[in-house]
Number of protein chains: 2
Amino acid sequence: MNLPPLIQSFVLHFGEMGSHWGINRTVGQIYALLYVSDKPLNADDIVEAIGCSRSNTSMALKELQAWRLVKLQHLPGDRREYFSTPEDVWAIFKTLAEERQKREVEPTLTMLRGAIMETPSGDAERHAQARMNEMYQLIELVTKWFADIRDMDVDTLQKLMKLGSQVQKVLQFTQSIGRLTGRDSNRNADAEA
Amino acid sequence: MNLPPLIQSFVLHFGEMGSHWGINRTVGQIYALLYVSDKPLNADDIVEAIGCSRSNTSMALKELQAWRLVKLQHLPGDRREYFSTPEDVWAIFKTLAEERQKREVEPTLTMLRGAIMETPSGDAERHAQARMNEMYQLIELVTKWFADIRDMDVDTLQKLMKLGSQVQKVLQFTQSIGRLTGRDSNRNADAEA
DNA sequence: TCAAACTTTCAGAAATTACTGAAAATTGGA
DNA sequence: TCCAATTTTCAGTAATTTCTGAAAGTTTGA
């Protein structure tokens, strides 16, 4: 690997972090490299920069494409494939959340639904089922909420996040206004709570 | 492994999922088993249920303790150690979020801060630094927000989540009320946005 | 203090995962 | 169509991770 030190430490860090996230070192490194690169790179550029084999690079790029984390593009007059990451970090964040949802959360929800449907035979199973149901309800709530959040436009999202826990006060304020004015702007929460 | 089918599929699923989360199969399986169990289990109970070795169980329990995901307790008149998971699924969720924050996010933020401080030498490094800064700002915002959310009491949190993207409307409504009344209940968001 | 009950450690074996180089496949242009 | 450039596949190897059994360590009560 022969990169400017600043970029190298970033690339190496993401290589290590990959293992915490179920992706391998090369995939993490390549992603990091593309993320900070100021221009799209082709596979040989990557081999050169990272120091892995051409075939490994090919596999890693395939995986990154499956995650929708890299864009493939062609440069005029060049047959090679060039890769880059989306420029908008929020878009990247959303893609990541969507993919993890699809790969990890959905299968878990499916399994839980199946288990909760079964007729329990005995106390142990009955208790297990109740626990699974608690988990199911939590995951479903968080998931739906996350999807709502994810689909907000970036400006609103940033405002909301900066507001942080202050949002509680806004909600309380709104509820009392609602009571005073008869306007029910908190309809959903009240109906489902 | 000799468990009721319903529990077995839950345990096996978490074993598989573990690998997506950087924990090994046994750790995932043991956690799942404890989660659905209606009483605390000792290491031999676990060996019996999962079918792994005693030493592997010991290692896995140590890791789960490091993650603060299992509680150790003693039963009167029994020298063995018994393990269970917290009953409150929200508490579990919070613990998980805190630990991942500490193990994955913090080191990344530290690395990014370091890189952003460096003096860039050349355009490539300058661009890389700008990208790292974008990532840093995003992670920090999301992290702070998450911490705020995490520390809300469960009732408020559930209300907020059920409200979902409707929260936008509440915010807009509040802002217009604020303009009308002069009351500035959205202070923070405005100041920092 | 000793012995019994229980837990942890650790070196090596087994299993899994990642990586490579060679060969096959694909693509675009002449 | 063929050729040259490029990408992908895949079988074998390397590296890493997980798991086990034996041995060492710890704790409690007599």
Side-chain angles (χ1 to χ4, degrees), chain A residues 1 11-34 40-67 70-84 103-104, chain B residues 1 11-34 40-67 70-84 103-104:
Chain A
M1 193 180 302
V11 166
L12 291 176
H13 178 88
F14 270 79
E16 302 308 320
M17 272 306 163
S19 61
H20 290 284
W21 278 76
I23 60 169
N24 74 42
R25 190 155 38 89
T26 310
V27 173
Q29 290 182 348
I30 292 180
Y31 183 77
L33 178 67
L34 292 174
L41 301 178
N42 65 43
D44 289 320
D45 294 336
I46 295 169
V47 167
E48 163 82 19
I50 305 272
C52 56
S53 73
R54 183 63 186 72
S55 52
N56 195 7
T57 302
S58 175
M59 295 293 215
L61 286 169
K62 225 173 119 187
E63 184 164 355
L64 286 170
Q65 285 175 283
W67 277 89
V70 299
K71 283 185 304 186
L72 168 63
Q73 60 201 286
H74 286 276
L75 263 52
D78 191 336
R79 272 178 60 182
R80 287 170 297 180
E81 300 184 320
Y82 284 78
F83 298 88
S84 59
R103 290 159 194 243
E104 292 156 33
Chain B
M1 193 181 300
V11 166
L12 290 177
H13 178 88
F14 271 78
E16 301 310 318
M17 273 307 162
S19 61
H20 289 282
W21 278 74
I23 60 170
N24 73 42
R25 190 154 39 90
T26 310
V27 174
Q29 290 182 347
I30 291 180
Y31 183 77
L33 178 67
L34 292 173
L41 301 179
N42 64 44
D44 288 321
D45 294 338
I46 294 169
V47 166
E48 163 83 18
I50 305 272
C52 57
S53 74
R54 183 61 185 73
S55 53
N56 196 7
T57 302
S58 175
M59 294 293 215
L61 286 169
K62 223 174 120 189
E63 185 165 353
L64 286 170
Q65 284 176 282
W67 276 89
V70 299
K71 282 184 305 189
L72 168 63
Q73 60 201 287
H74 285 277
L75 264 52
D78 189 335
R79 273 179 57 184
R80 288 170 296 181
E81 301 185 321
Y82 283 77
F83 297 88
S84 59
R103 290 161 193 244
E104 291 156 34

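Within every chain, numbering begins at 1; the chains are lettered A, B, ... in the order of the sequence lines, protein sequences first and strands thereafter. What you are looking at is a predicted structure, and each value in this text was computed from that prediction instead of being measured.
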Side chain of B/Met59 - closest among D/dC19, C/dT9, C/dA18: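 Looking only at heavy atoms from C-beta outward on B/Met59, the closest nucleotide is C/dT9.
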
Candidate nucleotides C/dG21, D/dG21, D/dT8, ranked by approach to the side chain of B/Ser55 - the nearest: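 Selected nucleotide: D/dG21.
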
Rounding to an integer number of Å, can you tell me how far [X] [atom1] sits from [N] [atom2]?
| X | N | atom1 | atom2 | result |
| --- | --- | --- | --- | --- |
| B/Asp78 | D/dT27 | CG | C1' | 14 Å |
| B/Glu81 | D/dT27 | CD | C1' | 10 Å |
| A/Ile30 | C/dC19 | CD1 | C1' | 12 Å |
| B/Asp44 | C/dA5 | CG | C1' | 11 Å |
| A/Ile46 | C/dC19 | CD1 | P | 14 Å |
| A/Leu41 | D/dT6 | CG | C1' | 17 Å |
| A/His20 | D/dT16 | NE2 | P | 15 Å |
| B/Asn56 | D/dA22 | CG | C1' | 15 Å |

Check: A/Ser53 side chain, C/dG21 base, donor-acceptor under 3.5 Å: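 No such pair is found, so the answer is no.
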
Under-3.5 Å donor-acceptor pair between A/Arg79 side chain and C/dT27 base: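 For A/Arg79, whose side chain was compared with the base of C/dT27, there is a donor-acceptor pair (under 3.5 Å).
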
CG on B/Leu72 to CG on B/Leu61, rounded to 0.5 Å: 9.0 Å

Spatial distance of atom CG (B/Leu41) from atom CD1 (B/Ile50) [nearest 0.5 Å]: 9.0 Å

I'd like to check [X] versus [Y] (side-chain heavy atoms, cut-off strictly below 4.5 Å). Are they in contact?
| X | Y | result |
| --- | --- | --- |
| B/Ile30 | B/Leu33 | no |
| A/Val27 | A/Leu64 | yes |
| A/Leu12 | A/Met1 | yes |

Considering just the side-chain nitrogens and oxygens of [X], establish if one lies under 4.0 Å of OP1 or OP2 belonging to [N].
| X | N | value |
| --- | --- | --- |
| B/Arg80 | C/dT7 | no |
| B/Arg54 | D/dG21 | no |
| B/Asn24 | D/dT17 | no |
| B/Lys62 | C/dT9 | yes |

Earlier contact from the 5' end, DNA chain D, for A/Gln65 and B/Val27: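 On the 5' side of the pair lies A/Gln65.
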
Closest-nucleotide 5' rank along DNA chain C - winner of A/His74 and B/Arg25: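 In this pair, the answer is B/Arg25.
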
